[in-house]
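Have a look at the structure below before the remarks.
From a predicted model like this one, the values you see are computed outputs, not experimental measurements. We use all heavy atoms of the structure for the numbers below, so side chains are in, but hydrogens, waters and symmetry mates are not. In each ligand, atom 1 is the first atom listed, and ligand 1 is the first ligand listed.
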Amino acid sequence: MTFGGMWAELAPVGRDAATGGYHRFAWTPTDAVLREWFRAEAQRRSLDVTTDRAGNLWAWTADPDAAVAAGRPGLVLGSHLDSVPDGGAFDGPLGVVSAFAALDLLRARGTEPRRPLAIACFADEEGARFGIACAGSRLLTGALDADRARSLTDAGGVSMAEALAAAGHDPRSLGRDEETLRRIGGYLELHVEQGRGLAHARDGRGAAVGVADAIWPHGRWLLDLRGRADHAGTTRLADRDDPVLTLAGVVTRARSAAERHGAVATVGRVLVHPNGVNAIPSRVTAWLDARGPEESAVRAVVADVADAAGTAPDEESWTPSTVFDPALRDRLAALLAGPDGAPAPVLPTAAGHDAGVLAAAGIPSGMLFVRNPTGTSHSPEEHAEEADCLAGVSALARAVEALA
Ligand code: HGY
Ligand code: MN
Ligand code: MN
């Protein structure tokens, strides 16, 4: 199955016909279709598919444990297939499809890697349903506590444990998976760029492929703002205790603090209770996503938000700054040099990735970015040209030839 063929097969899965965006949430029937697609592609290539304790999928070219015993643990490629609400087509799937296509390229060339390769599909990378990003890789490495994960609930009150069980994955199995971790000698994730760095690279001439340098520290905080329910018409302004008014102050303060500290802050998800047009709300639940080049900048934004809210936000997840292995980074950049011999552009990102979680767990990890002419992500507008996607596939194959 060619890159284009795989892409076409995935395109309709979880797609919103009205917006063109994707709704591919963890442990849902749509997720089950995606996991079935992954297994079929793996079987088409005679790969051996295993599922780890967190529900991440691994498709191996050869016995990974024999390689561990021989002191040459395998090289893993991959990414995720889930999306944010109304997300783009490329964030995640581009990495998984490119991994299969790169393997096909290597096999067509008769290249025999010196160690097993795996293609990984990480579960629940976006955290769109249960609120914790990179849940699959964090559970794998132990960065997310299994009991906490099991008790996370979605908007309908369904726990992750219930969702896992309904999807046929035993929630009691969640936890750090030493056996799987031992098998990973290195991890390389190809991802659509979530910005316009490559579009502007090389003095504006652009580059199809780049290499990741680092991931900004970032986190998610929950704000629980209480007020007093009352009638929208009969309640005097002076008598109101309206949490949406507090929220308005929080959002504008988060923006001004982000500007002041060179960070970014977003309140993208808000629940208003009881959510009636003619009822002053009694409660607002809102989530802050804050990121910055330094942890201190992010913490300063959160402190400002706490001051504006009159209450400390509850930290739901924190991802420290990730610096990818400089030697691997530079080797990839040199390997993927442009026609003029200049190394591939090296870019930081403020987007979190499973590669960052594995790097934080001590696994040699790197990322390749594929040019996104819109620079937009987490939106139906996210895009990558087919020629750049194919350049990404050949770059990934070249990297595997050198690393495996
Ligand atoms: O939120 C992120 O940066 C990633 O897309 N999960
Ligand atoms: Mn994403
Ligand atoms: Mn992603």
Side-chain angles (χ1 to χ4, degrees), residues 10 14 21-26 31 34 38 56 77-99 120-140 143-144 152 187-195 197 210 212-222 258 263-269 287-293 298 315-322 324 347-360 365-370 372 374-384 389 392:
L10 274 182
Y22 285 87
H23 299 266
R24 295 168 167 170
F25 304 146
D31 189 49
L34 294 165
F38 180 88
N56 304 306
L77 314 176
S79 191
H80 61 95
L81 293 175
D82 67 309
S83 76
V84 295
D86 211 31
F90 297 82
D91 177 351
L94 182 62
V96 177
V97 171
S98 299
C121 177
F122 284 98
D124 200 2
E125 191 275 348
E126 295 293 2
R129 182 176 178 191
F130 296 104
I132 303 288
C134 299
S137 54
R138 289 181 205 253
L139 279 162
L140 166 66
L144 172 59
L152 294 171
Y187 177 61
L188 194 50
E189 180 167 359
L190 179 144
H191 204 282
V192 66
E193 188 193 353
Q194 293 160 307
D213 184 23
I215 296 178
W216 277 14
H218 60 281
R220 294 184 185 189
W221 288 265
L222 180 143
V264 290
T266 312
V267 176
R269 183 164 184 237
W287 282 265
L288 170 72
D289 177 313
R291 315 186 187 205
V298 182
E315 185 171 288
E316 290 205 326
S317 69
W318 173 252
T319 304
S321 170
T322 307
F324 287 110
L347 312 161
T349 180
H353 299 282
D354 294 310
V357 175
L358 295 190
S365 303
M367 288 191 77
L368 302 186
F369 290 134
V370 169
N372 170 351
T374 70
T376 301
S377 185
H378 287 186
S379 154
E381 301 311 310
E382 182 183 83
H383 185 66
C389 293

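- Nearest heavy-atom pair, Asp354 versus Glu125, reported as atom, atom and distance to 0.1 Å: OD2-CG, 3.2 Å.
- Contact annotation: the side chain of Leu140 approaches that of Leu358 to within less than 4.5 Å [non-hydrogen atoms, C-beta and beyond].
- Heavy atoms of His378 come nearer than 4.0 angstrom to ligand 1 in at least one pair.
- Between Pro380 and Asp86, the closest side-chain pair of non-hydrogen atoms falls below 4.5 Å.
- Taking both residues in full, the closest heavy atoms of His383 and Asn372 are given as O-OD1, 2.9 Å, listed atom of the first, atom of the second, then distance.
- Backbone or side-chain N, O or S atoms of Asp91 reach the Mn ion (ligand 3) at under 2.8 Å.
- With the Mn ion (ligand 3) at the apex, His191 NE2 and His80 NE2 define an angle of roughly 120° (rounded to 10 degrees).
- Among the atoms of His353, none of the N, O or S atoms falls under 2.8 Å from the Mn ion (ligand 3).
- Counting just the N/O/S atoms of Glu126, the one with the shortest distance to the Mn ion (ligand 2) is named OE2.
- Annotation: side chain of Asp124 is not in contact with side chain of Ile132 (no heavy-atom distance under 4.5 Å).
- You'll find the side chain of Arg24 stays beyond 4.5 Å of the side chain of Glu126, heavy atoms only.
- Nearest protein heavy-atom contact of atom 1 (O) of ligand 1 is Arg291 NH2, 2.9 Å.
- Near Glu125, the atoms of ligand 1 lying under 4.0 angstrom from a non-hydrogen atom of the residue are 4 (C), 6 (N).
- The shortest heavy-atom contact between Gly78 and Ala99 is N-CB, 4.2 Å.
- When only interatomic distances are considered, the shortest N/O to N/O separation between Glu126 and ligand 1 falls below 3.5 Å.
- Atoms of ligand 1 found under 4.0 Å from any heavy atom of Ala351, numbered from 1 in the order shown, are 3 (O).
- At the shortest separation from atom 4 (C) of ligand 1 among protein heavy atoms lies Gly352 O, 3.3 Å.
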